[in-house]
Enquirer: 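Provided herewith is a single structure, encoded as C-alpha cells, for subsequent inquiry.
The sequence lines fix the lettering, A, B, ..., with proteins before strands; numbering per chain opens at 1. What you see below is based on every heavy atom in this structure, not just the backbone, and it leaves out hydrogens, waters and symmetry mates.
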2 protein chains.
Amino acid sequence: MPKMAYVCMRLIAYKDKIKMNNKTEIFKALADETRLRILNLFIKFGESLCVCELTDALKLPQYHISKHLNVIRNSGILKPEREGTWVYYKLDNSNSDIKDLVKFLKNFLTEQQLEADYNSLKQRLLLREEGKCVIGFVSEVDLIKKIKIKTKE
Amino acid sequence: MPKMAYVCMRLIAYKDKIKMNNKTEIFKALADETRLRILNLFIKFGESLCVCELTDALKLPQYHISKHLNVIRNSGILKPEREGTWVYYKLDNSNSDIKDLVKFLKNFLTEQQLEADYNSLKQRLLLREEGKCVIGFVSEVDLIKKIKIKTKE
DNA sequence: TGACAATATGCCCAAAATGGCATATGTTTG
DNA sequence: CAAACATATGCCATTTTGGGCATATTGTCA
C-alpha cells in the first residue's frame, strides 16, 4: 500500500518541524472580527487604551473584550499595564515584527465599521482627564450627557 | 438538496454582516501553520503551483493540502486554474488587498521551516518540463532518483 | 468506453474556539 | 476591614475547525 507508507513519512516529518508558532499565533489573533475591531482602535489611536474604553467603544460585554484582549496579548501584539484599578493595553512596539505588522494593518484595515468604531472611541475619550481614563462603563446615553456637561465647563 | 439550503443560509448570513468579512476571512486563512506554509511557497516562488507539487514539497497527504487550498481560495488569496488533469493555484494579483498582503508577508515570513519548505519545492520543480508539472506524487526517494536521471540527460 | 491519474469532498471524530453567565481577583477609598 | 469598582477567569453549552479515511469528480488517453 503506497498510501500507508506515505502517511508514515508524514508523521516523521511532523516530529522535527521547527516551531513557527509565533507567526501562526499572531494571525490567529487577527482571525476574528471582534479582535480586528479591537486592534483597529489601537492602531488608529496609537496609544494606550483601557478595557472600559474599549468596551464602551465597541459596545460589547466587558468579559467578551477581556477574553479577546487575552488572546491578542498571548500572541505578543498587545501588552498590558496596570494603573490602579485600570488596566491599559498597548501595542508592543519593542517587537519589530509587531511594528511591521501594525504598519501594514494601518493601510490594510479600511472597512467602514472600523471607522465607525474609531469615532465611537473618540467620543469616549472625551471623558479622559489629563490623558487618563477616570470612569468605568458608560452607557451611550450617559456618555452624551457627560460630554455635554464637560464641554460646558 | 440540503446543499442548496446551506448555501442559501450562508448567503443571507453574509449579507447582514457589515462588510469586514473579507479581511477576517483573509486572516483566518493565515491562521494555520499548514496554510502559512502553503502560502509561503506561492510567495517565494511567485508563480503557479500545482497541487501535487505542494503535496510533495510539504510532505503532507493530498487531501490535507486540497482542503487547506480550498480555505485559502475562499478567502480570495489564491485562485485555481485547471490544465488538463492538473490544477494550478496562484496568488490573485488582480486584487490590490492581496497584492499588499503578499508584499507584507514576503518580509514577515522568515521562519527556518519556511525556507526548508521552499528548498523542498525547488527540488520538486526540477521535474517540471517546459515550466509545467508532468508527474503526480513522488516519494522523497523517487524524487532523488528521477532528478539524477534527468540531470544526466 | 474503460482504465487511470490528479484533485476534491463527504463523513466521522477529537480538539479547540466562542459566547454567556456568574463570580473571582486586585485595587482604591472610607 | 468593608464596600465599590475595574478587570479577569472558570465553567458550561454550542459551534467551528482540523485530521484521517474512503470515495467522488473531473479529465486524459488508449
Enquirer: Just call it for Tyr88(A): base, sugar-phosphate, or nothing, with non-hydrogen atoms closer than 4.0 Å on any strand.
Expert: nothing
Enquirer: Calculate the interatomic distance between Leu54(A) atom CG and dT7(D) atom P; express it in whole Å.
Expert: 9 Å
Enquirer: Could you check whether Glu111(A) pairs with Lys23(B) (Lys NZ or Arg NE/NH1/NH2 to Asp/Glu carboxylate O, under 4.0 Å)?
Expert: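 A salt bridge is present here (some side-chain N lies under 4.0 Å from a carboxylate O).
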Enquirer: Which part of the nucleic acid, if any, lies within contact of Leu60(A), taking any heavy atom under 4.0 Å across all strands shown: a base, the sugar-phosphate backbone alone, or nothing?
Expert: nothing
Enquirer: Quickly work out the Asn74(A) CG to dT9(D) P distance and round it to whole Å.
Expert: 9 Å
Enquirer: Please give, in whole Å, the distance from dG26(C) P to Glu83(A) CD?
Expert: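 One finds 19 Å between P of dG26(C) and CD of Glu83(A), rounded.
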Enquirer: Between Arg82(A) and Asp32(B), which is nearer to the 5' end of DNA chain D once each is assigned its nearest nucleotide?
Expert: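 Looking at DNA chain D, the more 5' nearest nucleotide goes with Arg82(A).
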Enquirer: Would you kindly give the CZ-to-P distance between Arg35(A) and dA17(C), to the nearest whole Å?
Expert: 9 Å
Enquirer: Starting from P on dG20(C), measure out to OH on Tyr63(A) and report it in whole angstrom.
Expert: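 Going from Tyr63(A) (OH) to dG20(C) (P), I get 5 Å.
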Enquirer: Hey, is Lys90(A) close enough to Glu47(A) for a salt bridge, meaning N to O under 4.0 Å?
Expert: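 Salt bridge absent between Lys90(A) and Glu47(A).
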Enquirer: In whole Å, I'd like the distance from the CH2 atom of Trp86(B) to the C1' atom of dG27(D).
Expert: 10 Å
Enquirer: Compare side-chain N and O positions of His68(A) against OP1 and OP2 of dT18(C) and report whether any pair is under 4.0 Å apart.
Expert: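 No, because none of the side-chain N or O atoms of His68(A) sits under 4.0 Å from OP1 or OP2 of dT18(C).
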Enquirer: Taking a hydrophobic cluster as the set of Ile, Leu, Val, Met, Phe, Trp and Tyr residues connected by side-chain heavy atoms closer than 4.5 Å, whether directly or through intermediates, do Tyr63(A) and Leu54(A) fall within one such cluster?
Expert: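 Not linked; separate clusters.
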Enquirer: Between Tyr89(B) and Ala31(A), which has a closest nucleotide on DNA chain C that is more 5'?
Expert: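 Taking each residue's closest nucleotide, the earlier one in sequence belongs to Tyr89(B).
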Enquirer: Below the 4.0 Å mark, does dA8(C) have OP1 or OP2 next to a side-chain nitrogen or oxygen of Ser66(B)?
Expert: yes
Enquirer: Take the protein atom CG of Leu127(B) and the nucleotide atom P of dA6(C), then report the distance between them rounded to whole Å.
Expert: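 It works out to 13 Å between those atoms.
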Enquirer: Fit a plane to each ring of Phe27(A) and Phe108(B), take the angle between them on a 0 to 90° scale, and name the class: parallel (under 30°), tilted (30 to 60°) or perpendicular (over 60°).
Expert: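 It falls in the perpendicular class, over 60°.
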Enquirer: How many Å lie between NE2 on His64(B) and P on dA8(C), as a whole number?
Expert: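 My rounded result for the distance is 14 Å.
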Enquirer: Quick one: label Arg73(B) by what it contacts on the DNA or RNA (base, sugar-phosphate, nothing), any heavy atom closer than 4.0 Å.
Expert: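 Nothing, no nucleic acid heavy atom in range.
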Enquirer: Go through dT7(C), dT17(D), dA17(C) for me and flag the one nearest to the Phe137(B) side chain.
Expert: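 Selected nucleotide: dT7(C).
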Enquirer: For the side chain of Lys67(A), counting heavy atoms from C-beta on, which of dC5(D), dT9(D), dA8(D) is nearest?
Expert: dT9(D)
Enquirer: Parallel, tilted or perpendicular, judged at 30° and 60°: which one describes the rings of Phe104(A) and Phe104(B)?
Expert: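 Because their plane-to-plane angle is under 30°, the rings of Phe104(A) and Phe104(B) count as parallel.
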Enquirer: If you go through the side-chain atoms of Gln62(A), does one of them form a donor-acceptor pair with the base of dA8(D) closer than 3.5 Å?
Expert: yes
